[in-house]
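Here the structure comes first, spelled out in structure tokens, and everything after it is commentary.
Every heavy atom of this structure was used, including side-chain atoms; hydrogens, water molecules and symmetry mates were not. Labels below follow one simple rule: chain letters A, B, ... track the order of the sequence lines, proteins then strands, and each chain is numbered from 1.
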Amino acid sequence: MQQNLFVYNTLTRKKELFKPINAPHVGMYVCGPTVYSDVHLGNCRTYISFDLMFRYLTAIGYKVRYVRNVTDAGHLEGDAGDEGEDKIAKKAKLAQLEPMEIVQKYTVGFRDVMKVLNNLPPSIEPTATGHIIEQIEMVKVILEKGYAYEVDGTVYFDVEKYNKTKDYGILSGRNLDDLLNNTRTLGGQEEKHGKLDFALWIKAKPEHLMKWPSPWGVGFPGWHLECSAMSQKYLGSHFDIHGGGLDLVPTHHTNEIAQNVACCGTNPANYWVHTNMLTVNGQKMSKSLGNSFLPHELFSGENSILNKGYTPMTVRFFMLQAHYRSTLDFGNEAMEASEKGFKRLMNAFALLTDGLKASATTEVEIAPLMERCYAAMNDDFNSPVLIAELFEASRIINSVYDGKLKIDAANLEQLTVLMNTFVVDVLGLQNEQAANDDLPKVLNFIVDLRSGAKANKDYATSDKIRDGLSQIGFQLKDSKEGTTWSKA
RNA sequence: GGUCGGAUGGCCGAGUGGCUAGGCAGAGGUCUGCAAAACCUUUUACAGCGGUUCGAAUCCGCUUCCGACCUCCA
């Protein structure tokens, strides 16, 4: 925990030294998915980015409570007025299913994808439907403090009143006049006092499936409310990090801050962290644009955009090769480059794990490399620079393995610590070898047969074995010490 | 239209006043029966035009192009 970590804060638009409110404890809240359809790859990028932060904070000694919600109610379809319809309820009607069936299906799907991408589970994963009471209580407080008003069973947040004493645009950097002048006029908003006002609680129509009783009648919570209520419940009214996708800044997080300030008098988080978008041909990947594709399509290659499938770890590595605040453009060429790079890194790691020979003397010092790895991550979680350093480590490992470089036991030990810390713990990368215990024995036997053929200069046979294994997906490497194999 | 952000070599992608980012691809070499892998060497760059500076990809201004948000979105 002796690291000086700098984090880019959207509030100040600067990198700031990270100082937890109550070290070594860190509270981190990340806006999770709305579970009304499959997560797409862009969503995955965001959660991989926050997983990286969670892992690094933990690796440098912090005790992190990582809260990531699942929004299973209240998320509006269409505009923010009462014309909107609950996304989950809408899908349920179409599919002739109970809303909670939809929620269950996509929650399970989301968790499965998170797991294959090797994202650690958050400490707490609260749901909106599980916190209706907390949300109603928050609406009551905001009403009491005078920042909200009720119209016919729906409660709205009064943005213009709030902005008289507070700064509504503190996060987005926009001032209220600009917002008022540039907001498009939408229908169905007659009952709102101001056009920026948003719903805290929404009156349910009779046919609405997901609804709860409240002091204002039967209804359901507004979209932004659950994050305010749940972050407060599990992290307190003032915690360290609040994160989400960059597209949440102007509306969701702006409203969230307003709700918390109105309710508790304080901006809930010291550091607001936002991840950038995944693009396809330069355009944001999104459900509404129709250019999104699903994780399993990427893994299997079953999408017209894709030349082939890529393993989950290749996808993770691809995303970590870009900084979280840059847009990342998806492409087949880039994916293939990452696939090969990832393999190179993991091959070196495997050589290290299998055991390298230590010498009495050393020609390399690992300590400076270790420092550079920490420095990269301390600079706002700069994983691409970290990965560049890990390729330097790989070069050292390969050279030692080839007998071209000497390393002593102390430095070898440090190199092992470095690779384990950064590849496994921080980046969350893991080998994807087929988990079949018999396979290595069979392969070793075949390799042995081939070595016999080679010794007899029966190259026709030895090449046939090598080419055959290559087609199945195993690569043979001949060297003076003998032949080794690896999964291609 | 308003607000904000971006433009880096064949591709992806770091960097931010002077020192090689890195990966993939390309070229040459070492090794090998031949390969592959690995190692060594190496080509291609900072959108355009001005300005500040001893020195700018990096700072400032303008131009062009692209994107995000303003409406549900990670």
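- Scanning atom types as modelled, no donor and acceptor separated by under 3.5 angstrom connect the side chain of A:Arg174 and the base of B:C70.
- A:Leu418 is linked by a side-chain contact (heavy atoms from CB on, under 4.5 Å) to A:Ile366, A:Leu369, A:Met370, A:Cys373, A:Leu390, A:Ala393, A:Phe422, counting only residues two or more places apart in sequence or in another chain.
- For A:Pro250, the side-chain contact (heavy atoms from CB on, under 4.5 Å) test picks out A:Arg174, with sequence neighbours left out.
- The interatomic distance linking A:Leu429 (CG) with B:G23 (P) rounds to 16 Å, in whole Å.
- Classified by interplanar angle (parallel below 30°, tilted 30° to 60°, perpendicular above 60°), the ring pair A:Phe54/A:Tyr66 is tilted.
- The CG atom of A:Leu278 sits 14 Å away from the C1' atom of B:G67 (whole-angstrom rounding).
- B:G22 and B:A14: their P atoms are spaced 15 Å apart (whole Å).
- Across all strands, A:Tyr47 comes closer than 4.0 Å only to sugar-phosphate atoms, never to a base (heavy-atom distances).
- Scored by the side-chain hydrogen bond (donor to acceptor under 3.5 Å, both in side chains) test, A:Asp467 finds no partners at all (sequence neighbours excluded).
- Note on A:Gly244: only backbone sugar-phosphate atoms sit closer than 4.0 angstrom, heavy atoms only; bases stay farther off.
- Distance A:His40 NE2 to B:C72 C1': 11 Å, rounded to the nearest Å.
- Within 4.0 Å (heavy atoms only), A:Met277 reaches at least one base atom of the nucleic acid.
- A distance of about 14 Å separates the C1' atoms of B:U32 and B:C39, rounded to the whole Å.
- The stretch residues 308-316 of chain A does not touch RNA chain B, since none of its heavy atoms comes less than 4.0 Å from the strand.
- Ring planes of A:Phe110 and A:Tyr47: perpendicular class, angle over 60° (limits at 30 and 60°).
- Remark: A:Ser228 engages A:Met138, A:Glu256, A:Gln259, A:Asn260 in a side-chain contact (heavy atoms from CB on, under 4.5 Å) (not counting sequence neighbours).
- Between A:Ile396 and A:Phe317, the residue whose closest nucleotide on RNA chain B is further toward the 5' end is A:Phe317.
- Taking atom CZ of residue A:Arg372 and atom C1' of nucleotide B:G22, one finds them 12 Å apart after rounding to whole Å.
- Taking the C1' atom of each, B:U71 and B:A21 are spaced 41 Å apart, rounded to whole Å.
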Secondary structure string for RNA chain B (Watson-Crick or G-U under 3.5 angstrom, | for other-strand pairs): ((((((((.[[[)....(...]]].(((((.......)))))....[[[[[..)....]]]]])))))))....
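- Separating the C1' atom of B:A57 from that of B:U16 is a span of 8 Å, rounded to the nearest Å.
- If you take CD of A:Gln283 and C1' of B:C69, they are 14 Å apart, rounded to a whole angstrom.
- The aromatic rings of A:Tyr56 and A:Tyr374 sit tilted, their planes meeting at an angle between 30° and 60°.
- For the pair A:Asp247 CG and B:G67 C1', the computed distance is 13 Å after rounding to whole Å.
- The stretch residues 386-406 of chain A participates, sequence neighbours left out, in no ring pair (Phe, Tyr, Trp, His ring centres under 6.0 Å) pair at all.
- Distance CG (A:Leu369) to C1' (B:G22): 13 Å, rounded to an integer number of Å.
- A:Tyr106 pairs in a side-chain contact (heavy atoms from CB on, under 4.5 Å) with only one of the listed residues (A:Asp38, A:Asp72, A:Thr34, A:Val39), which is A:Asp38.
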Evaluation steps, salt bridge (Lys or Arg N to Asp or Glu O under 4.0 Å), between A:Arg372 and A:Glu392: CA-CA 11 Å; A:Arg372 277 183 275 138; A:Glu392 169 66 11; 5.7 Å; no
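- With P as the reference atom, B:A36 and B:G28 are 12 Å apart, rounded to whole Å.
- The ring-ring contact (aromatic ring centres under 6.0 Å, His included) check on A:Phe381 picks up nothing, with sequence neighbours excluded.
- No side-chain donor from either of A:Ser470 and A:Gln475 sits under 3.5 Å from a side-chain acceptor of the other.
- Residue contacts shown for A:Lys284 include a base, since a base heavy atom lies under 4.0 Å away.
- Remark: A:Ile124 pairs with A:Arg65, A:Val67, A:Pro126, A:Tyr234 by the side-chain contact (heavy atoms from CB on, under 4.5 Å) rule, at least two apart or across chains.
- B:U30 and B:C12 are spaced 29 Å apart, taking the C1' atom of each and rounding to whole Å.
- Sorted by first and then second residue, the salt bridge (Lys or Arg N to Asp or Glu O under 4.0 Å) pairs involving residues 272-283 of chain A (not counting sequence neighbours) form an empty list.
- No contact: A:Leu405 has no heavy atom under 4.0 Å from any strand.
- Comparing the C1' positions of B:G48 and B:U64 gives an interatomic distance of 7 Å, to the nearest angstrom.
- Sparse packing is recorded around NZ of A:Lys115, with 12 or fewer heavy atoms of other residues, nucleotides or ligands lying under 6.0 Å away.
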Nucleic acid footprint by protein, nucleotides 5-20 of chain B - heavy-atom cut-off 4.0 Å, B for base, S for sugar-phosphate alone: ------SSSSS-----
Sequence-aligned protein contact record of nucleotides 27-38 of chain B, with B where the base is within under 4.0 Å of a protein heavy atom and S where only the sugar-phosphate is: -----SBBBBSS
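- Comparing the C1' positions of B:G15 and B:C70 gives an interatomic distance of 32 Å, to the nearest angstrom.
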